[in-house]
Amino acid sequence: MSQQRKFFPGWLVVASGFVIMATCYTIFVNCMSLFQPLIVSDLGISLAQYNISNAISTVVSVVGSLVIGHVADKVSGRVLGSLTVIATSAVLAGMSFIGELWQVYVLFSVRSVLSVAAREAEWMLVPSFGFQGGHGPTK
């Protein structure tokens, strides 16, 4: 005797996350090299300096993840997500006014920490919608 199992809505969250990562994030990461020559020539910096900014931002994001982890334990996911969106918007606006190399280093580093915070907020909020009966965040 076979039983028909009820569809579990949490799998929609998993599938949505997969589609987002497979499209938006993968395209962004893999196509960034297309824009490197334009960024480097516009800022008047070398490709090595630009790549150093990416390396610095990676190291800063690792250290920043430790800080964001503690913040995420004390603040609700909605607050963290909202602050992350506002701060990311400010950083992206600031990136359009970059004129010096140090500004590239600082804003790329801040952007990296904010992306860690956004992922932390996502892990706090998104699974709760599908895996806890669809009632929204519990924190």
Side-chain angles (χ1 to χ4, degrees):
M1 193 186 238
S2 90
Q3 293 179 348
Q4 188 173 7
R5 294 171 52 169
K6 184 179 173 188
F7 177 72
F8 182 59
W11 289 114
L12 291 176
V13 174
V14 173
S16 300
F18 177 78
V19 169
I20 289 169
M21 292 302 287
T23 55
C24 303
Y25 183 76
T26 304
I27 291 170
F28 171 75
V29 169
N30 291 319
C31 292
M32 194 59 176
S33 61
L34 297 173
F35 299 100
Q36 281 181 342
L38 300 171
I39 294 169
V40 166
S41 66
D42 190 45
L43 293 174
I45 61 176
S46 70
L47 188 57
Q49 290 171 320
Y50 178 78
N51 288 332
I52 287 171
S53 70
N54 287 324
I56 290 171
S57 67
T58 301
V59 171
V60 169
S61 70
V62 169
V63 174
S65 67
L66 301 172
V67 174
I68 293 299
H70 290 294
V71 172
D73 288 340
K74 296 179 184 352
V75 181
S76 76
R78 288 182 183 185
V79 171
L80 182 62
S82 298
L83 292 176
T84 301
V85 168
I86 292 167
T88 301
S89 300
V91 167
L92 292 175
M95 283 183 174
S96 65
F97 296 106
I98 288 177
E100 300 289 329
L101 183 60
W102 68 268
Q103 294 169 339
V104 174
Y105 292 155
V106 169
L107 290 176
F108 272 46
S109 297
V110 171
R111 181 211 54 194
S112 294
V113 172
L114 291 173
S115 69
V116 169
R119 282 188 293 262
E120 186 68 34
E122 177 184 5
W123 282 110
M124 290 169 64
L125 290 173
V126 173
S128 65
F129 286 108
F131 290 104
Q132 294 178 359
H135 300 295
T138 58
K139 185 175 179 187

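Residues Leu80 and Ile86 fall into different hydrophobic clusters, defined by Ile, Leu, Val, Met, Phe, Trp and Tyr side chains chained together at heavy-atom separations under 4.5 Å. Both Val104 and Leu92 sit in one connected hydrophobic cluster of ILVMFWY residues. Membership requires side-chain heavy atoms under 4.5 Å apart, directly or through other members. The hydrophobic clustering, which links ILVMFWY residues whose side-chain heavy atoms are closer than 4.5 Å, places Leu66 and Leu114 apart. Residue Leu47 is grouped with residue Ile56 when hydrophobic side chains (ILVMFWY) are merged at heavy-atom distances under 4.5 angstrom, including chains of intermediate members.
Separation of atoms CG (Leu101) and CD1 (Ile45) is listed at 5.5 Å; rounding is to 0.5 Å. Atom CD1 of Ile52 and atom OG of Ser46 lie 7.0 Å apart (nearest 0.5 Å). In this structure, OG in Ser33 is found 10.5 Å from CD1 in Ile39, a value given to the nearest 0.5 Å. Note that CD1 of Ile98 and CG of Asp42 are 10.0 Å apart. Values are rounded to the nearest 0.5 Å.
Applying the ring pair (Phe, Tyr, Trp, His ring centres under 6.0 Å) test to residues at least two apart or on different chains, none of the pairs has a partner in residues 51-90. Screening residues 89-111 for side-chain hydrogen bond (donor to acceptor under 3.5 Å, both in side chains) gives no qualifying pairs among residues at least two apart or on separate chains. For residues 34-65, the pairs satisfying ring pair (Phe, Tyr, Trp, His ring centres under 6.0 Å) are Tyr50-Phe108, with sequence neighbours left out.
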request  = Take Leu43 and Gln49 through the side chain to side chain contact (heavy atoms under 4.5 Å, CB included) test and state the conclusion after the steps.
outcome  = CA-CA 11 Å; Leu43 293 174; Gln49 290 171 320; over 6 Å; no
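With sequence neighbours excluded, the residues forming a side-chain hydrogen bond (donor to acceptor under 3.5 Å, both in side chains) with Ser112 are Ser57, listed by chain and number. Every residue two or more places apart in sequence or in another chain was checked for a side-chain hydrogen bond (donor to acceptor under 3.5 Å, both in side chains) with Asn54, and none qualifies. Every side chain to side chain contact (heavy atoms under 4.5 Å, CB included) that Val79 has, sequence neighbours left out, goes to Val75, Ser76, Leu83.
Residues Asn51 and Gln36 come closest through the heavy atom pair OD1-NE2, 3.3 Å.
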